[in-house]
Enquirer: 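Please see the structure below; I have some questions.
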Amino acid sequence: MSKDKSAKIATPQAVRGTQDMLGDFADRFAHVVETFERVRRLYGYKRIEVPVIEPTAVFARSLGETTDVVSKEMYSFDDRGGESITLRPEFTAGIARAYITNGWQQYAPLKVATHGPLFRYERPQKGRYRQFHQLDAEVLGSDSPLADAELLVFADQLLKELGIAEGVTLTLNTLGDAASRDAWRAALVEHFMGHRADLSEDSLARLDKNPLRILDSKDPKDRRIADSAPDIDAFLTGEAQDFFGAVTAGLDAAGVAWERNARLVRGLDYYRHTAFEFVTDRLGAQGTVLGGGRYDGLIEALGGPPTAAVGWAAGIERLAMLVEEPVEYRPALVVVADDLSSENFAVQISSLFRRSGIAVEQIVAGSVKKRYQRARGFRADWIIKTDMPPSAPPGVVCARLAFGRDDQDTTLTAEALDAIIRQNFEVDLSDGLVPHATVLLTRKIGN
RNA sequence: GCGACCAUAGCUCAGUUGGUUAGAGCGCCGGUUUGUGGUACCGGAGGUCGCGGGUUCGAGCCCCGUUGGUCGCCCCA
């Protein structure tokens, strides 16, 4: 705290739309990632890592030049060699690129999972950031509808294990194959052209950019027109129909609840067949918590072999906001140095317990007066303090079990603590190690 | 890119129709008390009230601008 005001320098600020996480939310965030890592193994998805930066063309070509993401939301820059580089706005394109450049078709069908930061230049709001984070799962090289189903069962289990399945529903649609989609799109344009005088300004713009998007417009003006628009069902080829039927049959077989939403479309151009979103009304304007679909043409469009593929991504921040109970951090043991002469002994004891796999907070610095107060703040199972009691022989430092708890919440039981202590210390205790007892521990010589 | 709301101590906030030296809780530092399930009491440090201009005898409060934040539109996880 400088009192010299003229010496004040401008404090640096975080880049808009980025966030610093500490404590509660950071714990939730980590919990989401850990749960994902555990569940993806149950489904046999291999962990992969792909670059945060890619040549701009990877995204421009795969997402579609006219999409908002490409036309105005990408963080792109020229590197020192003059190549246009882009911070990834999504995972799928980069994974498709990796599949091609590494010849991963030799492993097809390949199930992969990853997670990490993504970047989009958007106006930040609740559940929406310029640097955000996603979980991602993809199946490359499988044209089986049961791949779609498995991916959705995986997603469903993830949400259930996170404890947020309540209030989150799986909505499902099919966009058909290329022929179905084109026919439907033409019919939609015709329908909307007939009502163009009544459409909102936004939807008029969508009409030539992305007519499918009018279907899920939030504008009340558009709703009646959108609701009366033709469903894709009438335009589905027999194959497309069969495919969608097989996906839903797979979901039913696995006991996953789903809802048909004929108005569900995907923003990015490369989707075909299955499209899905897990949606909630608990995140303000952001309803989608996990979304994805099938993108059979993408890898070929990037110059690779014809490859059927399907995948999804989920917003980690959005999931973390829905997670109810954060896992409270509590060390099993706190070691407090009660006086200056026993600080090194406290350090020694702490490392000894940590090497035995016990989580320890050591308090050996700061105001001696406040140490015990801070120690209790950790709500640990046990507190051991080191000191030099007046009764002890000169030069001998002792530790006392100053506080203990042993109930169903205890992570370190009295028996386990007792075993570790007896293994390492000469223990002077007549009644055994019990909560609230004060015992004298003397370090065993030679350890 | 567009719109609404907000900005006071490290944090969360109060601050009357504009009126003396701008307050509380938490946190931090010191003292006393208590050796043990987030002790109690006492004291202290810490603010050009986001920034710049204007109105006024007088602005934390009113007006304009600006920066930042939040939420919504667009779009998306």
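Please read these numbers as outputs of a predicted model, since none were measured by experiment. A, B, ... follow the sequence lines: proteins, then strands. Residue 1 opens every chain.
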Enquirer: Taking atom P in both B:C51 and B:A7, compute the distance separating them and give it to the nearest angstrom.
Expert: 13 Å

Enquirer: When the P atoms of B:G10 and B:C57 are considered, how many whole Å apart are they?
Expert: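 It comes out at 35 Å once rounded to the nearest Å.
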
Enquirer: Name the orientation of the base relative to the sugar in B:G50: syn if the glycosidic angle is within 90° of 0, else anti.
Expert: anti

Enquirer: Look at atom CZ of A:Arg260 and say whether more than 12 heavy atoms of other residues, nucleotides or ligands are closer to it than 6.0 Å.
Expert: yes

Enquirer: Give a yes/no verdict on a cation-pi contact between A:Arg130 and A:Tyr121, requiring under 6.0 Å between NZ or CZ and the six-membered ring centre and an angle within 45° of the axis.
Expert: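 Output yes; distance and angle both within limits.
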
Enquirer: When the C1' atoms of B:U67 and B:G53 are considered, how many whole Å apart are they?
Expert: 15 Å

Enquirer: Determine whether more than 12 heavy atoms belonging to other residues, nucleotides or ligands lie under 6.0 Å from atom NZ of A:Lys160.
Expert: yes

Enquirer: Taking B:U20 as the reference, what is the distance to B:G35 when you measure between their C1' atoms (whole Å, please)?
Expert: 48 Å

Enquirer: Is there a side-chain contact between A:Arg120 and A:Met74, using heavy atoms and a 4.5 Å cut-off?
Expert: no

Enquirer: When the P atoms of B:A24 and B:C42 are considered, how many whole Å apart are they?
Expert: 13 Å

Enquirer: Grab the two heavy atoms, one from A:Thr114 and one from A:Arg47, that are nearest each other, plus how far apart they are.
Expert: OG1-NH2, 4.0 Å

Enquirer: Determine the interplanar angle of the A:Phe276 and A:Phe278 rings, folded into 0 to 90°, and report it as parallel if under 30°, tilted if 30 to 60°, perpendicular if over 60°.
Expert: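 Geometry flag for A:Phe278 against A:Phe276: perpendicular rings.
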
Enquirer: Rounding to the closest angstrom, what is the interatomic distance between B:C49 and B:G23 at atom P?
Expert: 14 Å

Enquirer: More than 12 foreign heavy atoms under 6.0 Å from CG of A:Leu146: is that the case here?
Expert: yes

Enquirer: Of all the base pairs, Watson-Crick or G-U under 3.5 Å, which form stems of three or more consecutive pairs involving RNA chain B?
Expert: B:1-7 with B:67-73, B:10-13 with B:23-26, B:28-32 with B:40-44, B:50-54 with B:62-66

Enquirer: How far does the C1' atom of B:G58 sit from the matching atom of B:U17, given to the nearest Å?
Expert: 15 Å

Enquirer: To the nearest angstrom, how far is A:Leu22 atom CG from B:C11 atom P?
Expert: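 These atoms are roughly 13 Å apart.
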
Enquirer: Look at the rings of A:Tyr45 and A:Phe154 and say which category their plane angle falls in: under 30° parallel, 30 to 60° tilted, over 60° perpendicular.
Expert: tilted

Enquirer: Using the C1' atoms only, state how far B:U48 lies from B:U36, rounded to an integer number of Å.
Expert: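 Looking at atom C1' only, B:U36 and B:U48 are 46 Å apart.
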
Enquirer: Using a 4.0 Å cut-off on protein heavy atoms (strictly under), produce a 5'-to-3' string for nucleotides 72-77 of chain B with B for base contact, S for backbone-only sugar-phosphate contact, and - for none.
Expert: BBBBBB

Enquirer: Could you tell me whether the side chain of A:Pro211 reaches within less than 4.5 Å of the side chain of A:Arg206, counting heavy atoms only?
Expert: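 Not touching, per the 4.5 Å side-chain cut-off.
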
